[in-house]
Participant: 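Right, I'll just put the structure down here and ask away after.
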Amino acid sequence: MQNLYTLPAATNGAFENFCGGNLGGEHESCIDVAAIPGATEAFALRDSKPEGAGQELRVTAAEVDDFVLGWAKKRGLAL
């Protein structure tokens, strides 16, 4: 598998926000996601809180799909 951390970063405008409550202000409780340029089916995830600025997790589509399905099952959520 290709090392996703050697690829260029996604631009800020490429990120999409998925927010859940915004308890600390606008966009304070979001997870941002963007496709990684130069990769097929790979994504960068980051925290929208100021404390998480500059940090991201890079994952393949299969990895994030596995996480989402497992999380939904564990939480009893319907997809």
Side-chain angles (χ1 to χ4, degrees):
M1 173 168 56
Q2 183 177 22
N3 181 347
L4 300 178
Y5 290 92
T6 62
L7 297 172
T11 62
N12 280 337
F15 282 87
E16 186 176 0
N17 296 82
F18 293 89
C19 301
N22 294 327
L23 300 175
E26 186 173 340
H27 304 297
E28 277 287 309
S29 57
C30 304
I31 295 174
D32 300 336
V33 63
I36 297 174
T40 303
E41 298 272 308
F43 302 91
L45 291 90
R46 65 183 188 188
D47 187 347
S48 66
K49 291 184 274 316
E51 300 84 4
Q55 300 178 48
E56 64 181 34
L57 174 65
R58 292 182 173 205
V59 294
T60 65
E63 290 168 329
V64 77
D65 288 350
D66 185 55
F67 170 76
V68 168
L69 293 171
W71 182 256
K73 182 178 178 182
K74 180 176 182 163
R75 304 269 299 153
L77 303 172
L79 297 178

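What you see is a predicted model; the values in this text were computed from it and never measured.
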Participant: Under the rule for side-chain contact (heavy atoms from CB on, under 4.5 Å), what residues qualify as partners of Ala14, not counting sequence neighbours?
Facilitator: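 Result, side-chain contact (heavy atoms from CB on, under 4.5 Å) vs Ala14: Ala10, Thr11, Ala34.
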Participant: Side chain of Asn3, backbone of Tyr5: donor and acceptor closer than 3.5 Å?
Facilitator: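 Yes; at least one donor-acceptor contact below 3.5 Å.
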Participant: If the condition is side-chain contact (heavy atoms from CB on, under 4.5 Å), which residues does Ala42 pass it with, not counting sequence neighbours?
Facilitator: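 Applying side-chain contact (heavy atoms from CB on, under 4.5 Å) to Ala42 gives Leu4, Ile36, Ala39.
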Participant: Could you list all the salt bridge (charged side-chain N to carboxylate O under 4.0 Å, His left out) pairs where at least one residue sits in residues 58-79, not counting sequence neighbours?
Facilitator: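 Only Glu56-Arg58 qualify under salt bridge (charged side-chain N to carboxylate O under 4.0 Å, His left out).
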Participant: Tell me, which pairs form a salt bridge (charged side-chain N to carboxylate O under 4.0 Å, His left out) where one or both residues lie in residues 30-43, sequence neighbours left out?
Facilitator: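 For residues 30-43, and leaving out neighbouring residues, the salt bridge (charged side-chain N to carboxylate O under 4.0 Å, His left out) pairs sorted by first residue read Asp32-Arg46.
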Participant: Applying side-chain contact (heavy atoms from CB on, under 4.5 Å), name anything that partners Phe18, two or more places apart in sequence or on another chain.
Facilitator: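 Testing Phe18 for side-chain contact (heavy atoms from CB on, under 4.5 Å), a comparison that skips the adjacent residues, returns Glu16, Val33.
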Participant: Report yes if the side chains of Ile31 and Leu45 come closer than 4.5 Å at any heavy-atom pair, otherwise no.
Facilitator: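 In contact.
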Participant: Considering non-hydrogen atoms only, spot the tightest contact between Ser48 and Cys30 and give its length.
Facilitator: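 Between these two residues, the closest heavy atoms are OG-N, 3.0 Å.
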Participant: To the nearest 0.5 angstrom, please state how far the CD atom of Gln2 sits from the OG1 atom of Thr40.
Facilitator: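 Those atoms lie 8.0 Å apart.
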Participant: Which Ile, Leu, Val, Met, Phe, Trp or Tyr residues join Leu69 in one cluster when any pair of side-chain heavy atoms under 4.5 Å counts as a link?
Facilitator: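 Its cluster partners, ordered by chain and number, are Leu79.
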Participant: Looking at every non-hydrogen atom in both residues, tell me the closest pair between Ala44 and Phe15 and how far apart they are.
Facilitator: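 Of all heavy-atom pairs spanning Ala44 and Phe15, the closest is O-CE2, 3.6 Å.
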